[in-house]
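Reading through the structure tokens given below for one structure.
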Amino acid sequence: MENGSVVTSFILKPYTELEDHRYLYFPGFLLLFILMLMTNIILLTVIYIEKSLHEPMYFLMCNLSVNGIYGTISLLPSVLGNLMSRTYEISLAACFLQVICIHTYGSVEFNTLAVMGYDRYVAICHPLHYHQLMSHRKVCTLIALSWIYPFIIFGLYFILTLLYTFCGRIIEKVYCVNFELVKLSCFEISFHSKVGFVVSVFLIVPQLLMILYSYAQILRICLSASKESQAKAIQTCTPHLLAVINYAVGAFFDIIQSRFNMSHVPYKARIFLALYFLIFPPLLNPVIYGISIQAIRIQIFKLFITCKNYTCLSQ
């Protein structure tokens, strides 16, 4: 116990596997970081500038982009710093902060996708009452709750982790997560695991049920609708479904990485599985919505044409 109390930093072991080619990985991750920031900022800028896009669906897209930037900043600066380091060390305080940021990022993402699923359900199943059911005030409340809820639920659970002292220093991931941190505790963690399961239920099940219910109702309406209405519904739902699938793939990779023995899987493949959840949703979501939704696509083209013309005139 005495030894555990002096553990004030941890070693992120997977970086040792990237050491030989760090100068190749660094520009790659830097490019991903820049692309993630650029794509999300462009989407936010277009929706902010264009008044016709000030609708519930686009506000929810903005929330998804803001959360993507939050998740990106929580991870990639740390990855870039560790790639240039030879110690691969993270302080206890920085590790705690990263745990909070990464877990809340994942939960806010899922909450937002659930609300977006409900938005699509209202738009397709109750089009005449859409602006009443999805008023600006209600959307702002749902966006606020998508952030407040995970911070309260996970924050209360994370207090248990803060009470621990740690006897181990080696973390088998490229970033800190609560489960890996708790495994290094000097204490018995069965109670912590049970509480963690309950917290996971609160952070996953309601949102999953909302998405399933929304699409069950959409499917029910579409089966009795005309082919033209079915095509319109598919076009309306496709970007959201792609975003949900992208998130689900990342969550699946993270679960199997954390909960199962992956020693037979090559180390670099394990690093990819661990990073997918935090890299590809923030990178691909604005691309999915920017390409799939014509109103956004047109405004992005206008933005770039305006910027190009302004550059030409200034020259």
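- Here the options are Tyr164, Phe187, Phe158, the test is ring pair (Phe, Tyr, Trp, His ring centres under 6.0 Å), and the partner is His192; only Tyr164 passes.
- Remark: of the listed residues Ile47, Leu43, Val46, Ile47 is the sole one forming a side chain to side chain contact (heavy atoms under 4.5 Å, CB included) with Tyr58.
- Under the 4.5 Å side-chain contact rule for hydrophobic residues, Phe197 and Leu160 do not share a cluster.
- Placement of Met84 and Leu32 within a single hydrophobic cluster is found when ILVMFWY residues are connected by side-chain heavy-atom separations under 4.5 Å, directly or transitively.
- Take Phe110 and apply the ring-ring contact (aromatic ring centres under 6.0 Å, His included) test, not counting sequence neighbours, and it matches Tyr247.
- Around atom NZ of Lys138, more than 12 heavy atoms belonging to other residues, nucleotides or ligands sit under 6.0 Å away.
- Contact check for Leu60 versus Val115: side-chain heavy atoms found under the 4.5 Å cut-off.
- The number of heavy atoms from other shown groups lying within 6.0 Å of CD (Glu19) is above 12.
- Placement of Ile153 and Leu145 in two distinct hydrophobic clusters is found when ILVMFWY residues are connected by side-chain heavy-atom separations under 4.5 Å, directly or transitively.
- Classified by interplanar angle (parallel below 30°, tilted 30° to 60°, perpendicular above 60°), the ring pair His240/Tyr215 is parallel.
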Quick one: side chains of residues 271-285, donor-acceptor pairs under 3.5 Å with protein atoms, not counting sequence neighbours, listed by atom name and distance.
from   : atom 1 : to     : atom 2 : distance (Å)
Tyr276 : OH     : Asn246 : OD1    : 2.8
Asn285 : ND2    : Glu109 : OE2    : 2.9
Asn285 : ND2    : Pro281 : O      : 3.1

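- Within the 4.5 Å cutoff, the side chain of Met57 has heavy atoms near those of the Arg120 side chain.
- The same ILVMFWY cluster, assembled from side-chain heavy atoms under 4.5 Å apart, contains both Val195 and Ile100.
- Between the side chains of Ser226 and Glu228, no donor-acceptor pair of N or O atoms lies under 3.5 Å.
- Side-chain contact between Val108 and Tyr149 is absent, with no heavy-atom pair separated by less than 4.5 Å.
- Partners of Gln207 by side chain to side chain donor-acceptor pair (under 3.5 Å), not counting sequence neighbours, listed by chain and number: Asn111.
- Taking His21 as the reference, Leu24, Tyr25 meet the side chain to side chain contact (heavy atoms under 4.5 Å, CB included) condition, with sequence neighbours excluded.
- Among residues at least two apart or in separate chains, disulfide bond (SG atoms under 2.5 Å apart) pairs with a member in residues 88-120 are Cys95-Cys176.
- Taking the six-membered ring where the residue is Trp, Tyr70 and Phe151 present tilted rings, their angle falling between 30° and 60°.
- Atoms NZ and OG, on Lys183 and Ser193 in that order, are 10.5 Å from each other to the nearest 0.5 Å.
- Scored by the salt bridge (charged side-chain N to carboxylate O under 4.0 Å, His left out) test, Arg169 finds Glu89 as partners (sequence neighbours excluded).
- The shortest side-chain heavy-atom distance between Phe166 and Thr8 does not fall under the 4.5 Å cut-off.
- Atom CZ of Phe26 is surrounded by more than 12 heavy atoms from other residues, nucleotides or ligands within 6.0 Å.
- Taking hydrophobic clusters as Ile, Leu, Val, Met, Phe, Trp and Tyr residues chained together by side-chain heavy-atom distances below 4.5 Å, Val244 shares a cluster with Tyr213.
- Interatomic distance, Met61 CE to Leu53 CG, rounded to the nearest 0.5 Å: 8.5 Å.
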